[in-house]
> 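Dropping the structure in here first, questions after.
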There are 2 protein chains.
Amino acid sequence: MVTLSEENYLKAIYHLGKQGSVAVSTNAIAEQMETKASSVTDMIKKLADKNLANYIKYQGVSLTKEGRLAAASVVRKHRLWEVLLVEKLNFSWDEVHEVAEQLEHIKSEKLINELDAFLNYPEEDPHGDPIPDKDGNIKKVEKILLSQVSENQSCICVGVKDSSTDFLKYLDKHHISLGTSIKIISKEKFDESMTIDVNNTLINISKTVSNNIYVKKAS
Amino acid sequence: MVTLSEENYLKAIYHLGKQGSVAVSTNAIAEQMETKASSVTDMIKKLADKNLANYIKYQGVSLTKEGRLAAASVVRKHRLWEVLLVEKLNFSWDEVHEVAEQLEHIKSEKLINELDAFLNYPEEDPHGDPIPDKDGNIKKVEKILLSQVSENQSCICVGVKDSSTDFLKYLDKHHISLGTSIKIISKEKFDESMTIDVNNTLINISKTVSNNIYVKKAS
DNA sequence: ATATATTTTTAGTCTTGTCTAAAAATATAT
DNA sequence: ATATATTTTTAGACAAGACTAAAAATATAT
Ligand SMILES: [Mn+2]
Ligand SMILES: [Mn+2]
Ligand SMILES: [Mn+2]
Ligand SMILES: [Mn+2]
């Protein structure tokens with residue numbers, strides 16, 4: 001039995017350690033979870049006791065195979081619920097995260113499998129993030145940051161790095177969503193801002209923005 | 001803010017007190033919740049502090065207006081989720097309760113309202129129990145126990161009093177579900193068992209069974 | 001009315017998960 | 001290489017929610 005709190009720590013380690021292989025620091029986890037380092041140390045010990053994490057004092061923590069699967073299962077649930085909310089329940093992509101944080105802890109194998117089928121086995125969530133399968137495998141899709149694209153190139157928005165409400169609302173305002181075509185018109189050397197063409201409208205975006213949008217080369 | 005545990009106590013008091021008006025005893029709550037009387041006393045005090053319950057030492061507890069609304073909201077969520085599970089996610093009526101016990105605690109106004117709409121504003125859950133509206137009002141529908149029906153009368157199954165997995169599976173086995181027509185063929189004076197006609201098959205059911213099936217007069 | 005039984009509350013303990021403050025280990029800079 | 005800064009762990013406390021055992025209140029029976 002994995003508690004709700006343990007699931008949240010597993011998820012944090014999973015995300016910080018690029019799917020859980022790399023060792024992550026106590027402080028990094030504390031920051032991600034908005035908690036204190038001492039609380040993290042306590043929980044890490046519990047996870048290690050349960051064989052969900054590998055832990056060496058002062059050396060950081062990584063997930064075991066079992067821990068990685070448990071974390072991936074939480075992420076799978078989180079993202080499937082987000083799809084349900086957007087596809088069936090009229091949520092917009094900036095409203096789903098908070099509710100999914102709660103729903104991801106519901107325990108029922110059947111529920112999550114039926115949900116998967118009901119949604120027609122989606123491969124990505126509303127933010128373009130991949131949905132792990134039952135075994136925790138995720139389809140690795142190559143995508144780059146918009147900031148990496150050079151002048152005159154065209155690309156398509158396939159995801160966001162920051163999925164905070166504020167950023168998603170900013171994108172909405174400028175009519176950028178998953179699938180939107182973007183052409184880089186020019187780049188400013190000075191502050192690395194860029195002018196892009198979205199639906200035949202030119203807008204200027206900061207480096208912060210272009211650094212948080214994932215794109216793929218236009219096909 | 002009402003905690004998950006508080007919600008469970010509110011719900012128990014709500015159900016025991018016939019929607020929350022009557023005072024219920026500490027022991028009754030403890031039994032319903034499979035916990036100890038001393039734990040109940042502790043929680044009752046918290047609910048009273050939060051103005052969710054009226055409590056006089058040794059005199060039992062009842063819900064305040066606020067507590068009643070909170071309880072009804074939990075019941076509303078529980079039953080709406082049960083409808084989703086059965087109508088959209090291929091759960092049978094004996095599989096939904098456990099999962100709904102978890103889902104009923106998800107906090108999101110929008111979610112529950114969208115769910116309601118998505119399900120087309122159902123009035124009853126898969127066990128024939130009424131779904132409270134946003135203000136906690138439930139549509140009172142007259143229904144009687146099958147045990148009350150007299151010989152030669154026909155009726156329609158509209159609900160179950162016991163909605164345990166075991167009982168629901170028993171009903172499945174005998175092809176009794178919501179909407180099933182039942183005709184009382186004969187009653188046994190001795191043990192109050194009865195022979196009934198279900199889809200032209202005669203079966204004999206015990207008093208325990210007839211006491212847990214709600215019916216309405218055949219129209 | 002008094003004794004007995006039952007119900008309810010209190011007192012004290014435990015577990016989970018959190019926190020602050022202090023100590024220990026590790027990393028960095030000169 | 002040593003002093004300083006940063007990170008991590010430990011120690012001790014706290015709140016929520018549960019439990020056991022004992023005390024207090026209420027109900028029941030003669
Ligand atoms: Mn999310
Ligand atoms: Mn997402
Ligand atoms: Mn139920
Ligand atoms: Mn039900």
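Note that these values count all heavy atoms, side chains included, but never hydrogens, waters or copies made by symmetry.
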> Counting only side-chain N and O atoms of B/Ser38, is one of them less than 4.0 Å from OP1 or OP2 of D/dC19?
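The answer is no; no side-chain N or O of B/Ser38 sits under 4.0 Å from OP1 or OP2.
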
> Donor-acceptor check, side chain of B/Glu82 to backbone of B/Arg79, threshold 3.5 angstrom: yes or no?
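Not a single qualifying donor-acceptor pair exists.
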
> Nearest-Å distance, CD (A/Glu34) to C1' (C/dT18)?
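Rounding to the nearest Å, CD of A/Glu34 and C1' of C/dT18 are 15 Å apart.
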
> Rounded to the nearest Å, what distance is computed from the CE atom of residue A/Met1 to the C1' atom of nucleotide C/dG17?
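In whole Å, C/dG17 C1' and A/Met1 CE are 15 Å from each other.
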
> Within 45° of the axis and under 6.0 Å from the centre of the six-membered ring of A/Phe167, does NZ or CZ of A/Lys161 qualify?
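A/Lys161 over A/Phe167 ring: no.
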
> Given atom CD of B/Gln59 and atom P of D/dA24, what is their separation to the nearest angstrom?
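For the pair B/Gln59 CD and D/dA24 P, the rounded distance is 19 Å.
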
> Which base, if any, makes a Watson-Crick or G-U wobble pair with D/dA29, both distances under 3.5 Å?
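Pairing partner: C/dT2.
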
> Roughly, in whole Å, what's the span from NZ in A/Lys36 to C1' in C/dG17?
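A/Lys36 atom NZ is separated from C/dG17 atom C1' by 15 Å.
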
> Starting at atom CD1 of B/Ile44, determine the distance to atom C1' of D/dG17, rounded to an integer number of angstrom.
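B/Ile44 atom CD1 is separated from D/dG17 atom C1' by 14 Å.
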
> For this output row, return yes or no: ring centroids of A/His97 and A/His78 closer than 6.0 angstrom.
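Centroid distance A/His97-A/His78: below 6.0 Å, so yes.
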
> What is the minimum heavy-atom distance between A/Tyr55 and A/Lys45, and which atoms define it?
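The pair with the smallest heavy-atom distance is CE2-CG, 4.0 Å.
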
> May I ask you to verify if any side-chain N or O of B/Lys45 is less than 4.0 angstrom from the OP1 or OP2 atom of C/dT9?
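Indeed not, no polar side-chain atom of B/Lys45 lies that close.
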
> What is the distance from CD of B/Glu31 to P of C/dT6, rounded to the nearest Å?
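That distance rounds to 15 Å.
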
> Identify whether any heavy atom of A/Ser5 sits under 4.0 Å from a base atom; if not, whether one sits that close to sugar-phosphate; answer base, sugar-phosphate or nothing.
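It contacts sugar-phosphate atoms only.
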
> Flag this pair as yes if the NZ/CZ of A/Lys110 is under 6.0 angstrom from the six-membered ring centre of B/Phe91 and inside a 45 degree cone about the axis; otherwise no.
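Ring-cation test returns yes.
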
> With a 4.0 Å cutoff (strictly under), does any side-chain N or O of B/Lys57 reach OP1 or OP2 of C/dT10?
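It does, given that an N or O in the side chain of B/Lys57 lies less than 4.0 Å from OP1 or OP2 of C/dT10.
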
> Check the phosphate of C/dT9 against B/Thr26, side-chain N and O only, distance under 4.0 Å to OP1 or OP2. Yes or no?
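For C/dT9, OP1/OP2 do have a side-chain N/O of B/Thr26 under 4.0 Å.
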
> In whole angstrom, what separates B/Ile29's CD1 from C/dT8's C1'?
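In whole Å, C/dT8 C1' lies 12 Å from B/Ile29 CD1.
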
> What is the distance, to the nearest angstrom, from the OH atom on A/Tyr58 to the C1' atom on C/dA27?
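Rounded to whole Å, this separation is 13 Å.
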
> Side chain of A/Tyr9 only, heavy atoms from C-beta on: which candidate in C/dT18, D/dA18, D/dT9 is closest?
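Looking only at side-chain atoms, A/Tyr9 lies closest to C/dT18.
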
> Using only side-chain N and O atoms of A/Ser25, determine if any of them is under 4.0 Å from OP1 or OP2 of D/dT7.
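For D/dT7, neither OP1 nor OP2 has a side-chain N or O of A/Ser25 closer than 4.0 Å.
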
> Using a cut-off of less than 4.0 Å, is there contact between a side-chain N or O of B/Asn27 and OP1 or OP2 of C/dT6?
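B/Asn27 to C/dT6 OP1/OP2: no side-chain N or O under 4.0 Å.
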
> With both distances under 3.5 Å as the test, what is the Watson-Crick or G-U wobble partner of D/dG12?
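Across any shown strand, D/dG12 pairs with C/dC19.
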
> I want to confirm an ordering. Mapping B/Gly60 and A/Met43 to their closest nucleotides on DNA chain C, which one lands closer to the 5' end?
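Of the two residues, B/Gly60 wins.
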
> Does B/Lys46 make a side-chain N or O approach to OP1 or OP2 of D/dG17 shorter than 4.0 Å?
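So the side-chain polar atoms of B/Lys46 do come within 4.0 Å of the phosphate oxygens OP1 or OP2 of D/dG17, strictly under.
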
> When you measure from the side-chain N and O atoms of A/Thr3 to the phosphate of C/dG17, is any distance below 4.0 Å, counting only OP1 and OP2?
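True: A/Thr3 side-chain N/O within range (under 4.0 Å) of C/dG17 OP1/OP2.
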
> Between C/dT9 and B/Thr41, is there an OP1 or OP2 to side-chain N/O distance shorter than 4.0 Å?
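Yes, within the criterion.
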
> Counting neighbours of CD on A/Glu101 that are heavy atoms of other residues, nucleotides or ligands and sit closer than 6.0 Å, is the number greater than 12?
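Enclosed: over 12 neighbouring heavy atoms sit under 6.0 Å from CD of A/Glu101.
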
